[in-house]
Structures are given as C-alpha cells and as structure tokens.
Enquirer: 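This is the structure, below, for whatever I ask next.
Only this structure's heavy atoms are used, side chains among them; waters, hydrogens and symmetry mates stay out. Proteins come first, then strands; the chains are lettered A, B, ... in the order of their sequence lines, and each starts at number 1.
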Protein chains: 2
Amino acid sequence: MNKHHDVCEVRSVDKKKVRSVMKSMLTDHEAINLSETFSVLADPTRTKIIYALSSEELCVCDIAGILGMSVSAISHQLRILRNMRIVKFRKEAKMVYYSLDDEHISRLFNEGLKHIRE
Amino acid sequence: MNKHHDVCEVRSVDKKKVRSVMKSMLTDHEAINLSETFSVLADPTRTKIIYALSSEELCVCDIAGILGMSVSAISHQLRILRNMRIVKFRKEAKMVYYSLDDEHISRLFNEGLKHIRE
DNA sequence: ATTATATTTGAACATATGTTCAAGTGTTTA
DNA sequence: TAAACACTTGAACATATGTTCAAATATAAT
C-alpha cells in the first residue's frame with residue numbers, strides 16, 4: 001500500500017499555474033523556519049512576557065507576579081524564549097534579570113498588536 | 001488547598017516596576033487574540049498555502065498538488081484559514097477557488113519572511 | 001553549617017493540533 | 001439514472017504544547 005495514497009492521485013487542474021507556483025514555493029526548511037518564528041508569538045503567556053519586557057528589564061519573580069502565574073510556568077516559557085534568542089538574561093546575585101534580545105520579533109510583535117487593535 | 005498555590009506566594013522584588021508594568025499590561029483578551037493571530041501562521045502547511053495564494057487564486061486540488069499533500073489535509077487547513085477570514089473562496093461548477101482575504105496577515109507574513117531571509 | 005531565597009528542571013498530566021482514513025455532499029458528465 | 005469528480009467533514013490517531021508539582025541547584029543571610 002502506498003503511503004502517499006491520496007497525493008499520487010491528485011491531478012492538477014491548471015498545470016501551468018501549478019508549475020509556476022511550485023517554482024517559487026517556499027522550501028520545507030523555509031516554511032518550518034517561518035512557522036517556528038510565528039510559534040514563539042502564538043501563546044498568550046509568551047506574548048504577555050514579551051510585552052512586559054518591552055518596557056522594563058524584569059526578574060523571573062516579578063514577571064510571575066505581573067502575569068499572576070507560577071514562577072515555574074514563567075521559567076519554562078523563558079527557557080523557550082531564551083533558546084529562540086528572543087530574550088537575554090543577566091545574573092545579579094540570586095536574581096536573574098531578563099530583557100528582550102531580538103528587534104525582529106519585537107517588530108513582528110508590534111505589527112500583530114497593531115493588527116488586533118485596529 | 002489553594003489552587004493558586006504558587007501564585008500567592010510570589011512576592012515582587014520591585015513593587016514600583018511591577019505596578020507600572022501591570023498598569024499597561026495586555027488584557028487576557030488581547031493576549032489571546034494576539035496569540036491566535038500568530039497561531040494562524042505557526043504551521044508550515046498554512047504558511048505554504050498562504051504563500052501559494054499570494055501569487056495566484058487556486059483550487060483545492062491544485063494547492064494539494066503544489067504542496068504534495070492530500071486534498072483532505074489541505075481542505076482541513078483551508079477551513080481554519082476560512083474561519084479566521086484569511087482566505088475567501090469562490091465556487092465555479094464543481095471547483096472551489098481560494099484566494100487571500102486579509103492584507104493584515106499578508107503584511108505579517110511578509111514581515112516574518114523578511115525576518116527569516118535576512 | 002543551616003536556613004531562606006531565586007530560579008531551573010524533569011516528569012506527569014491534560015489539552016490542542018495536524019494528518020489520515022472513510023464516508024458524506026453536491027455538481028457534472030456519460 | 002449512474003458514475004465520476006471536487007471538495008468537505010467527522011472520528012481516530014499520533015504528536016506537540018503548556019502548566020503543575022516536586023525536587024534540584026545556586027547564592028545569600030543567619
């Protein structure tokens with residue numbers, strides 16, 4: 001049995017169109033990269049964290065206080081943002097202070113914010 | 001037992017900062033709205049569909065052909081894009097032709113594309 | 001040294017998401 | 001009318017995601 005059962009049966013209706021669109025189509029790599037970028041902003045906790053950090057450098061504890069969520073939950077999300085280089089951090093004694101590190105994402109974020117507020 | 005076990009124990013380190021950030025914080029509604037907007041673009045199949053439709057109006061069958069995926073999978077994704085008013089459609093005989101319907105999302109999409117290609 | 005504080009981490013859990021498969025609708029062609 | 005075609009839909013399935021809880025790490029204060 002062919003795994004691509006359906007796929008192989010698909011016949012194009014307009015072969016010219018299909019070929020021309022296929023030529024400029026995003027590569028898998030680009031599409032995955034792009035969607036991963038948007039995924040960072042696709043969670044309300046993370047959008048709130050990014051919004052909070054856009055005005056102030058903050059420690060984990062204060063972010064948790066501001067969002068009304070557990071320190072652990074915030075720390076898990078910060079790890080994601082750290083791995084994606086969206087935020088950077090600075091250690092001072094026991095505390096860890098986070099701030100934004102990616103102006104591209106900030107721009108995307110603000111475009112999105114504009115969109116929902118219009 | 002308090003459900004918000006952790007939350008209530010959080011004490012702010014810098015109360016002034018915390019209050020000032022909280023005052024301008026996104027509402028839950030805004031944060032959810034914003035993250036849902038980004039969620040639309042947070043899947044590689046949908047970014048490919050949007051990219052394809054940015055150059056041509058296409059029928060379901062041809063989108064499936066271009067992406068090398070089943071018609072059913074594409075149709076499910078088109079429903080999501082339809083519900084979010086990202087795409088519109090036009091029926092012609094048996095065929096259904098889809099095209100983009102939201103310039104805001106297109107702008108976001110292009111900002112993201114710029115980002116990953118820089 | 002012991003205790004308290006700030007944060008991180010891993011496992012468990014529930015929920016959300018995307019694709020497949022099979023069956024359905026509606027339109028056209030034979 | 002029957003068969004073919006283009007598409008949609010619902011259920012099942014596997015995978016991904018976000019939060020909680022408990023435990024671990026690391027630094028500071030007593």
Enquirer: My understanding is that only residues two or more places apart in sequence, or in another chain, count here; which of them pass salt bridge (Lys or Arg N to Asp or Glu O under 4.0 Å) with B:Arg107?
Expert: A:Glu111
Enquirer: Please list, chain by chain and in numerical order, all residues satisfying salt bridge (Lys or Arg N to Asp or Glu O under 4.0 Å) with B:Glu92, sequence neighbours excluded.
Expert: B:Arg90
Enquirer: Determine whether B:Met69 and A:Met22 fall in the same hydrophobic cluster, where Ile, Leu, Val, Met, Phe, Trp and Tyr are linked whenever their side-chain heavy atoms lie under 4.5 Å apart.
Expert: yes
Enquirer: Could you tell me which residues satisfy salt bridge (Lys or Arg N to Asp or Glu O under 4.0 Å) with B:Asp28, sequence neighbours excluded, listed by chain and number?
Expert: A:Lys48
Enquirer: Nearest whole Å is fine: how far is C:dG18 P from A:Asp28 CG?
Expert: 16 Å
Enquirer: Return whichever of A:Lys91 or B:Arg82 has its heavy-atom-nearest nucleotide of DNA chain D closer to the 5' end.
Expert: B:Arg82
Enquirer: If only atom types and distance count, is the side chain of A:Asp62 paired as donor or acceptor with the main-chain N or O of B:Asp14 below 3.5 Å?
Expert: yes
Enquirer: Return the value, rounded to whole Å, for the distance between atom CD1 of A:Ile63 and atom C1' of C:dA6.
Expert: 13 Å
Enquirer: Can you measure B:Met69 atom CE to D:dC7 atom C1' for me and round it to whole angstrom units?
Expert: 16 Å
Enquirer: Check every atom of C:dA22, D:dC21, D:dT19 against the side chain of A:Ser72 and return the nucleotide holding the closest atom.
Expert: D:dC21
Enquirer: List, by chain and then residue number, the residues other than A:Tyr97 in its hydrophobic cluster (Ile/Leu/Val/Met/Phe/Trp/Tyr, side-chain heavy atoms under 4.5 Å); write none if there are no others.
Expert: A:Met95, B:Val13
Enquirer: Restricting to side-chain hydrogen bond (donor to acceptor under 3.5 Å, both in side chains), what partner residues turn up for B:Glu103, sequence neighbours left out?
Expert: none
Enquirer: Return the set of residues passing side-chain hydrogen bond (donor to acceptor under 3.5 Å, both in side chains) with A:Arg82 (not counting sequence neighbours), or none when no residue passes.
Expert: A:Tyr98
Enquirer: Would you kindly give the CD1-to-P distance between B:Ile74 and D:dA6, to the nearest whole Å?
Expert: 16 Å
Enquirer: For A:His104, give me all partners under ring-ring contact (aromatic ring centres under 6.0 Å, His included), at least two apart in sequence or on another chain.
Expert: B:His115
Enquirer: Please list, chain by chain and in numerical order, all residues satisfying side-chain hydrogen bond (donor to acceptor under 3.5 Å, both in side chains) with A:Gln77, sequence neighbours excluded.
Expert: A:Arg46
Enquirer: Partners of B:Glu30 by salt bridge (Lys or Arg N to Asp or Glu O under 4.0 Å), sequence neighbours excluded?
Expert: A:Arg117
Enquirer: Round to the nearest Å and state the distance from A:Ile80 atom CD1 to D:dT19 atom P.
Expert: 9 Å
Enquirer: Which residues in residues 93-101 of chain A have at least one heavy atom lying under 4.0 Å from any atom of DNA chain D?
Expert: A:Ala93, A:Lys94
Enquirer: Measure CD1/B:Ile32 against P/C:dT15 and give the value in whole Å, please.
Expert: 16 Å
Enquirer: Take atom CG of A:Asp14 and atom P of D:dA6, then tell me their distance rounded to the nearest Å.
Expert: 13 Å
Enquirer: Axis-to-axis angle across the helix from C:dA1-D:dT30 to C:dA30-D:dT1, five pairs an end, to 10 degrees?
Expert: 0°
Enquirer: Within the structure, does a side-chain N or O atom of B:Ser70 lie under 4.0 Å from either OP1 or OP2 of C:dT20?
Expert: yes
Enquirer: Expected output is a numbered-order residue list: members of residues 35-58 of chain B with a heavy atom under 4.0 Å from any atom of DNA chain C. What is it?
Expert: B:Asp43, B:Thr45, B:Arg46
Enquirer: For A:Pro44, is there any backbone N or O sitting under 3.5 Å from a side-chain donor or acceptor partner on A:Thr47?
Expert: yes
Enquirer: Between C1' on D:dT17 and CZ on A:Arg79, what's the gap in Å once rounded to a whole number?
Expert: 12 Å
Enquirer: Is the shortest side-chain N/O distance from A:Gln77 to OP1 or OP2 of D:dT19 below 4.0 Å?
Expert: yes
Enquirer: When you compare the ring of A:His76 with the six-membered ring of C:dT9's base, are the centres less than 5.5 Å apart and the planes under 30° from each other?
Expert: yes
